[in-house]
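To start, the structure itself, in structure tokens.
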Amino acid sequence: MLGLMQQQSLLISSVIDFAERHHGDGEVVSRRVEGDIHRYTWADVARRARQVANAVEGQKLAHGDRVATLAWNGYRHLELYFGVSGSGRVLHTINPRLHPDQVAWIANHAEDQVLCFDMTFLPIVQAVHGKCTTVKQWVALCDADKLPADTGIPGLVSYESWMGTQSTSYTWPQIDENSACSLCYTSGTTGNPKGALYSHRSTILHAYGAALPDVMCMSARDSILPVVPMFHVNAWGIPYSAAMVGAKLVFPGPALDGKSVYELMEAEGVTFAAGVPTVWQMLLGHMKPTGLKFSKLNRTVIGGSACPPAMITAFREEYGVDVLHAWGMTELSPLGTLCTLKNKHLSLPEEAQMQLRMKQGRCIFGIDMKIVDAQGKALPHDGKAAGDLLVKGPWVIASYFKQEGGNPLVDGWFPTGDVATIDPDGFMQITDRSKDVIKSGGEWISSIDVENVAMAHPAVAMAACVGIFHPKWDERPIVCVVKKPGAEVTREELLAFYEGKTAKWQIPDDVVFVDAIPLGATGKMLKTKLREQLAAYKLPNL
Ligand code: ADP
């Protein structure tokens with residue numbers, strides 16, 4: 001027997017309609033590329049999203065056609081999120097930190113028809129426009145009078161003249177909720193980038209999940225700063241969740257340095273912020289020497305790579321800010337787990353609570369996960385057994401765009417490439433990327449554990465652990481370290497710092513001081529590159 005409830009598609013257009021009707025005066029504040037602050041409301045976003053939809057219609061695009069962006073977090077990007085997807089087209093967010101050749105490759109692979117870019121990225125567009133064979137309209141995200149005369153890009157128009165003259169009325173099409181709404185390529189540390197093609201349904205279910213109290217707990221009382229980029233996995237879905245709950249949204253634009261982020265947070269009463277560890281490192285690095293404090297911030301979600309325990313402690317103890325450690329992937333829209341304690345944990349001593357907070361957290365309803373051994377046999381959830389992590393759920397990819405790489409699933413489960421433990425309470429802890437695990441004498445050493453100890457040393461700004469070939473043990477860990485400006489620590493002191501904090505055989509064999517650790521396009525350490533840089537390196541005492 002079927003239930004007798006209304007069938008209503010889960011569509012992104014309904015989210016912006018809702019925000020307009022119920023939170024129309026809620027604010028959206030952006031630092032613009034021009035440097036000034038732009039301020040308007042959810043009602044304005046909705047009105048201008050409809051103008052975007054009309055502009056897209058004017059391009060004669062079919063439903064499903066791709067409109068690309070190369071843009072910072074800002075209000076025009078937000079309008080494109082709702083206007084493009086709402087009109088039945090697919091918003092393809094391109095990561096501007098990629099090499100221009102990769103940008104061109106991705107735009108061609110996605111067959112982008114329109115490409116909208118912030119003026120910061122004009123040089124990239126000038127370098128690639130001749131190679132992007134499918135793009136028929138280039139749009140600069142600026143006012144008409146800010147468009148330079150001789151960019152060399154044929155037919156270039158300003159965003160404001162492209163959409164600003166369009167009608168503000170538009171009837172959103174009632175499309176199938178399984179239609180594609182947005183596309184994001186994974187950074188492709190191996191092989192060519194592959195596209196995760198999200199649907200309206202998957203995006204809305206993810207946005208509901210993300211807003212839950214034990215996830216990001218977003219509400220109409222929040223002022224939310226997504227430092228996580230809108231060009232990578234939709235800023236963790238925050239733009240959609242914020243519209244759903246009517247939160248104030250604050251966008252940092254291109255100014256991601258500690259000072260700018262701090263000032264914006266204070267000026268806009270930010271209660272909740274989201275970012276990768278490297279961003280928070282810059283923020284705390286700015287605040288500590290001058291003794292600055294947050295007046296409104298009460299929690300921050302940190303993910304994308306392992307959050308060093310020292311950062312969790314600093315936020316909690318020095319600034320009274322709760323850190324929610326999160327884990328996810330492009331292929332998961334991206335949220336998989338988030339670390340919030342259960343009631344029974346609240347009476348545990350601080351140290352025991354800290355052990356939990358360091359983990360990547362519990363599954364959000366909608367995501368299921370398991371760990372398996374090399375033969376694919378499920379491992380126990382005892383918090384000790386580490387194995388390959390597999391996930392499934394309605395916001396996990398079933399295959400990549402254009403079926404690149406064939407079927408990625410194993411018996412319906414998506415293999416994440418991460419190695420993890422899961423404890424009896426369901427808290428998952430990433431011990432490594434499967435390709436980064438160090439195999440020493442038949443045992444596994446977690447590169448994350450080695451890095452976390454180094455990061456707890458007051459002189460260390462960043463640490464990356466890699467395995468180096470060893471004739472007896474196969475591999476031994478070494479740790480590459482960037483020192484904090486003005487701080488000093490010797491190799492011997494740092495190695496001694498490991499004593500008592502980790503098993504003896506897990507202590508790295510060497511410390512290599514470097515000026516910088518190579519970072520990828522999403523701010524993560526690029527260990528492949530680091531290994532190349534260490535090609536001539538020899539372990540001591542061999
Ligand atoms: P990429 O394109 O590099 O795969 P993603 O943003 O999809 O970019 O990265 C997903 C990967 O990032 C995960 O598989 C995991 O290895 C790593 N990751 C994400 N969050 C965390 C976290 N909190 N702790 C450790 N690793 C994380």
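When a ligand or atom number is given, it counts from 1 through the structure's own listing order.
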Hey, which atoms in ligand 1 end up nearer than 4.0 Å to a heavy atom of [X]?
| X | answer |
| --- | --- |
| T186 | 2 (O) |
| M329 | 7 (O), 10 (C), 13 (C), 14 (O) |
| R433 | 11 (C), 13 (C), 14 (O), 15 (C), 16 (O) |

Note to self: What I want to check is whether the side chains of T69 and H77 have a donor and an acceptor closer together than 3.5 Å.
What the structure shows: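 There is such a pair between these side chains.
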Notebook entry, point to check: Would you say the side chains of E331 and Y400 form a donor-acceptor pair under 3.5 Å?
Noted result: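 The answer is yes; a qualifying pair exists.
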Checklist line | Ring centers of H206, Y198 separated by less than 6.0 Å | finding: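 So the answer is no for these two rings.
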Next item on the list: Applying side-chain contact (heavy atoms from CB on, under 4.5 Å) between L494 and each of V489, V453, D510, report the one that passes.
Entry: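 Among V489, V453, D510, the one that satisfies the side-chain contact (heavy atoms from CB on, under 4.5 Å) with L494 is V489.
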Next item on the list: Under the side chain to side chain donor-acceptor pair (under 3.5 Å) rule, collect the residues that match up with N73, sequence neighbours excluded.
Entry: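 Here no residue qualifies.
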Notebook entry, point to check: side-chain hydrogen bond (donor to acceptor under 3.5 Å, both in side chains): which pairs involve residues 333-342, sequence neighbours left out?
Noted result: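 Listed by first then second residue: T340-R362.
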Item checked: Closest candidate by heavy atom, reference atom 22 (C) of ligand 1, pool S434, S305, P277, P193 ->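 Considering heavy atoms of S434, S305, P277, P193, the nearest to atom 22 (C) of ligand 1 sits in S305.
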Check: Quick one: which of Q360, E331, K524, H232 has a heavy atom closest to atom 11 (C) of ligand 1?
Finding: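 It is K524 whose heavy atom sits nearest to atom 11 (C) of ligand 1.
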Next item on the list: Please say whether G304 places an N or O atom under 3.5 Å from an N or O atom belonging to ligand 1.
Entry: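 Yes - when backbone and side-chain N and O of G304 are compared with those of ligand 1, one distance drops under 3.5 Å.
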Note to self: Test your reading of the structure: does I448 have an N or O sitting under 3.5 Å from an N or O of ligand 1?
What the structure shows: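 N/O-N/O distance under 3.5 Å: no.
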Item checked: Min heavy-atom dist A326 to ligand 1 below 4.0 Å ->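 It does; at least one heavy atom falls under 4.0 Å.
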